[in-house]
There are 2 protein chains.
Amino acid sequence: MNQAAQSKDYEEELRRAGVRITRPRQVILRILSETEDHPDAMEIFNRACEIDPSISLSTVYRTMKLLEEKGAIHRHAFEGGRARFEQAGGGHHDHLIDIDTGDVIEFHSGKIEALQDEIARSLGYEIVYHKLELYGRKRRRR
Amino acid sequence: MNQAAQSKDYEEELRRAGVRITRPRQVILRILSETEDHPDAMEIFNRACEIDPSISLSTVYRTMKLLEEKGAIHRHAFEGGRARFEQAGGGHHDHLIDIDTGDVIEFHSGKIEALQDEIARSLGYEIVYHKLELYGRKRRRR
DNA sequence: GTCGGTGCAAATTATTTGCACAAGT
DNA sequence: ACTTGTGCAAATAATTTGCACCGAC
C-alpha cells in the first residue's frame with residue numbers, strides 16, 4: 001500500500017475513534033506517513049508550513065499528544081532535548097542512534113526481549129514497555 | 001569503605017583533576033555518596049539546603065554538569081521531565097523503573113550486552129553507550 | 001592575590017494553555 | 001447548530017547564563 005492510502009487509512013481509523021479530521025490533522029498525518037525519519041515537533045511544524053502556512057506550532061503539539069493517546073504514533077526522548085515522533089504500526093522495534101549525525105536505525109531482537117522478560121520476572125516485575133537505545137558511530141573498515 | 005570515606009575519595013580525585021572543592025561541591029558530593037536512589041536536581045537542591053541553606057539551584061545544576069563531564073556521575077532521562085542522577089563507579093548497569101512508584105531497580109545482563117554488540121556490528125556500527133530501561137509493575141502472585 | 005565558583009535574577013528552550021473565533025460533522 | 005479544534009500570545013517547567021562579589025588554592 002502506498003503512503004497516501006496509508007494516510008487515508010489512519011484518517012478513517014481516527015474518525016471511527018471520534019476524532020475530527022481537520023485540515024491541520026490531515027497535513028500532519030500525511031507528513032508522518034511520508035517521512036522515513038523521526039522528526040521532532042519543530043521539524044513537523046516546518047514541513048507542515050510548507051503545505052499550509054496557517055498551521056501553528058501549538059496545533060502540532062496538540063495533535064502529537066492526541067495521536068499518541070490514540071496509539072497512532074510513538075514518542076521518543078532520544079538525547080538532545082526535544083521529543084521525536086514516528087508513526088506506530090509496522091511492529092515494535094528499538095533504535096540505534098548515530099551520535100555523529102543523529103540518524104536513527106530501527107532494529108528488533110526477539111532474543112533480547114526474551115532476556116528482558118526473564119530479568120524482570122526474576123526481580124518480581126512485569127514489563128509494561130521498554131526502551132532500548134544504542135548510541136554509536138559507524139565502524140570504519142580496516 | 002563507608003560513605004564518608006567514599007565521598008572524600010571523590011574529592012581527592014576531582015582535586016587531582018584540577019577541580020576546586022568548594023563548600024557546595026562538598027555538600028553535593030556527600031549527598032550523592034549517601035543516597036540510594038536516583039534524585040533529580042531539585043531533590044538534590046532540597047537535600048543540600050538542609051545541610052547548607054545558602055546553596056543555590058544554579059550551583060546544583062552547574063555541579064551536576066561538571067561531575068558528569070568528569071565522569072563522576074551519570075545522568076538519566078527517565079520518563080517524567082526532569083533529569084535524574086546517580087554516582088558513577090560500581091560498574092555499569094541498566095534500570096527497571098516501577099511505573100507505579102517511580103522506584104528504580106538496577107540490574108545487569110552480560111548476555112543482553114553481547115547481543116547489543118552483535119546487532120550494532122551487523123548494522124555497521126560500534127556502540128559508544130546504550131540505554132536500556134524496563135518500565136513495569138510489581139507482579140502480583142496468584 | 002588570582003582566577004574560578006557562587007548566588008541571584010533574568011534569559012532560553014521545549015511544551016502547554018486560556019481565550020475568542022473558525023470549522024468539522 | 002453544536003461542539004471540538006485552531007491560532008495567537010501568554011504561561012509553565014526545566015535548565016542555563018550574565019554579572020558582581022566571594023572564597024579556594
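So you know, we letter chains A, B, ... as the sequences are listed, proteins then strands, and number each from 1.
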Participant: Let me know the distance between CD1 of B:Ile55 and C1' of D:dC22, rounded to the nearest Å.
Facilitator: 15 Å

Participant: Distance check: side-chain N/O of A:Tyr61 vs OP1/OP2 of C:dT15, anything under 4.0 Å?
Facilitator: yes

Participant: Between the side chains of A:Asp100 and A:Arg137, is the shortest nitrogen-to-carboxylate-oxygen separation below 4.0 Å, so that they form an ion pair?
Facilitator: yes

Participant: Does the ring centre of A:His92 sit less than 6.0 Å away from the ring centre of A:His130?
Facilitator: yes

Participant: Measure from CD on A:Gln26 to P on D:dG5 and round the result to the nearest Å.
Facilitator: 14 Å

Participant: From the options D:dT15, C:dG5, D:dG5, select the nucleotide whose nearest atom is closest to the side chain of A:Thr22.
Facilitator: D:dG5

Participant: Starting at CD of A:Glu69 and ending at P of D:dG5, how long is that distance when rounded to a whole Å?
Facilitator: 11 Å

Participant: Checking only heavy atoms, does the side chain of A:Arg20 share a donor-acceptor pair with the base of D:dT3 at less than 3.5 Å?
Facilitator: yes

Participant: Nearest-Å distance, CZ (A:Arg15) to C1' (D:dG5)?
Facilitator: 15 Å

Participant: Start at the 5' end of DNA chain C and walk down; is the nucleotide closest to B:Arg23 or to A:Leu57 reached first?
Facilitator: B:Arg23

Participant: Kindly compute the distance separating CD1 (B:Ile51) from CG (B:Asn46), expressed to the nearest 0.5 Å.
Facilitator: 11.5 Å

Participant: Run the salt-bridge test on B:Lys65 and B:Glu69 with the 4.0 Å N-O cut-off and return the result as yes or no.
Facilitator: no

Participant: Which part of the nucleic acid, if any, lies within reach of A:Arg25 when heavy atoms closer than 4.0 Å are counted: base, sugar-phosphate only, or nothing?
Facilitator: sugar-phosphate

Participant: Quick one: which of D:dG5, C:dT16, C:dC8 gets closest to the side chain of B:Arg62?
Facilitator: C:dC8

Participant: Mind calculating the distance between NZ (B:Lys70) and P (C:dG4) to the nearest angstrom?
Facilitator: 12 Å

Participant: Under the ring-ring contact (aromatic ring centres under 6.0 Å, His included) rule, collect the residues that match up with A:His38, sequence neighbours excluded.
Facilitator: A:His95

Participant: If you assign A:Gly18 and B:Met42 each to the DNA chain D nucleotide with the nearest heavy atom, which residue ends up on the more 5' nucleotide?
Facilitator: A:Gly18

Participant: Of all the nucleotides listed (D:dC25, D:dT15, C:dA14), which has the minimum atom distance to the side chain of B:Ile21?
Facilitator: D:dC25

Participant: Looking at the side chain of A:Lys65, which of C:dG7, C:dT16, C:dT15 is the nearest nucleotide?
Facilitator: C:dT16

Participant: Taking the nucleotide of DNA chain C with the nearest heavy atom to each, does A:Ser58 or B:Leu66 sit closer to the 5' end?
Facilitator: B:Leu66

Participant: Rounded to the nearest Å, what distance is computed from the CZ atom of residue B:Arg82 to the C1' atom of nucleotide C:dT15?
Facilitator: 15 Å

Participant: Using whole Å, report how far CZ of A:Phe45 lies from P of C:dT13.
Facilitator: 16 Å

Participant: Atom CD of B:Glu79 and atom C1' of D:dA14: how far apart are they, to the nearest Å?
Facilitator: 17 Å

